[in-house]
Protein chains: 2
Amino acid sequence: MRKQRHKSENLTECPMEATLDLIGGKWKGVILFRLSECTRRFNELNRLLCRISPRTLTKQLRELEADGLIRRTVYAEVPPRVEYDLTELGQSLQPVIAALMGWGTEYALPHLNSAEKDTASTAEFV
Amino acid sequence: MRKQRHKSENLTECPMEATLDLIGGKWKGVILFRLSECTRRFNELNRLLCRISPRTLTKQLRELEADGLIRRTVYAEVPPRVEYDLTELGQSLQPVIAALMGWGTEYALPHLNSAEKDTASTAEFV
DNA sequence: CAGGATCCCAATGGATACTG
DNA sequence: CAGTATCCATTGGGATCCTG
């Protein structure tokens, strides 16, 4: 995802590609969702996405910031405090985030579970 | 994306992760969009996604099929004909696909273009 | 036509340890 | 607290050639 778009090649004209280029990847969707709930700090995100490494979280946040979807605010305090929130553009993603979450809840999760565990579990309860 | 989910570890309970696990990646969104328009054949898809290699297209189609989102139909003809279309589960993605496309058209594409070409173009027209 | 086989490179992302 | 630095394993995906 995103690959070498910044080397100003690989320009796409497909809306779907463009969108997944920005919010696809393993973590960005979840990050954006968490930031759509409220402003959050680095370690807060790290706890919520408990299986992401700090290194990866940093990278994802930097990319989202570079793409203008989130804002990074540093407070000159001790201990240091950094907050992330959605930009206007990021806010405009709300419907998309909602759609992804909605489908995930209604279809993806049940589908994954029934496919992974046993297909009979639900099949015989009919 | 999807990594070794089939090795029955890495189970997620996050709807967003689950969804992006299924439709994320560089190509799946576009493939699903194209199949949401109508049933299509392999080379047809390959032409529409003109920058994908046959090898990759095959892999993505197989994953989508394994995940129950698309259906693969082989016709015993000469020359061989294979058609792909959405399953019921795939159909249920329509709103999601629409949301991604919509946002891409309205925000992502303009955003990418203004960011990549010149920022001043719009800035001074105010 | 619809791919499979093989080779190979680049990008993703995890683990761990360290720091201003 | 909010990251960096380093190292390394896995994956995505292109190129090319081949086939039922």
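First the proteins, then the strands, lettered A, B, ... as listed; each starts at 1. Quantities reported herein were computed from a predicted structural model and do not represent experimental measurements.
Side-chain N/O atoms of Ser53(A) include one lying less than 4.0 angstrom from OP1 or OP2 on dG14(C). Listed pair Gln60(A) / dG13(C) meets the phosphate criterion, a side-chain N or O lying under 4.0 Å from OP1 or OP2. Contact annotation: Lys59(A) side-chain N/O to dT4(D) OP1/OP2 distance is not under 4.0 Å. In this model, the phosphate group of dC1(C) is not approached by any side-chain N or O of Arg41(B) to a distance below 4.0 Å at OP1 or OP2. At least one side-chain nitrogen or oxygen of Thr56(A) sits closer than 4.0 Å to the OP1 or OP2 atom of dG14(C). Between Tyr84(A) and dC1(D) there is no side-chain polar atom (N or O) within less than 4.0 angstrom of OP1 or OP2.
In this structure, CD1 of Ile70(A) is placed 14 Å from P of dA2(D), rounded to the nearest angstrom. We find that CG of Leu57(A) is positioned 10 Å from C1' of dG3(D), with the value rounded to whole Å. Following rounding to the nearest Å, Ile52(A) (CD1) and dG3(D) (P) show an atom-to-atom distance of 13 Å. Atom CZ in Phe42(A) sits about 11 Å away from atom P in dC1(D), given to the nearest Å. Here the C1' atom of nucleotide dA15(C) and the CG atom of Asn46(A) are 13 Å apart, to the nearest Å. The CG-P distance, from Leu48(B) to dA2(C), rounds to 13 Å in whole Å. Atom CZ of Arg81(A) and atom C1' of dG20(C) are 18 Å apart (whole Å). For the pair Glu77(B) CD and dA2(C) C1', the computed distance is 13 Å after rounding to whole Å.
For Pro80(A) and Thr58(A), each mapped to the nucleotide of DNA chain D holding its nearest heavy atom, the one lying further toward the 5' end belongs to Pro80(A). Both Arg47(B) and Arg62(B) sit near DNA chain C, but only Arg47(B) has its closest nucleotide nearer the 5' end.
With hydrogens and angles ignored, no donor-acceptor pair closer than 3.5 Å exists between the side chain of Arg55(B) and the base of dT16(D).
Note that the CG atom of Leu93(B) and the OG atom of Ser36(B) stand 9.5 Å from one another [nearest 0.5 Å]. Interatomic distance, Thr39(B) OG1 to Glu44(B) CD, rounded to the nearest 0.5 Å: 9.0 Å.
Distances from the side chain of Trp27(A) to the nucleotides dG13(C), dT4(D), dA2(C) place dG13(C) closest. Listed candidates were dG3(C), dG14(C), dG13(D). Nearest to the side chain of Lys26(B) is dG13(D).
Leu109(A) and Tyr107(A) are members of different hydrophobic clusters when ILVMFWY side chains are connected at heavy-atom separations under 4.5 Å.
Side chains of Tyr84(B) and Arg72(B): a donor on one and an acceptor on the other come within 3.5 Å. Checking Trp103(A) against Ser92(B) by side-chain atom types alone, a donor-acceptor pair falls below 3.5 Å.
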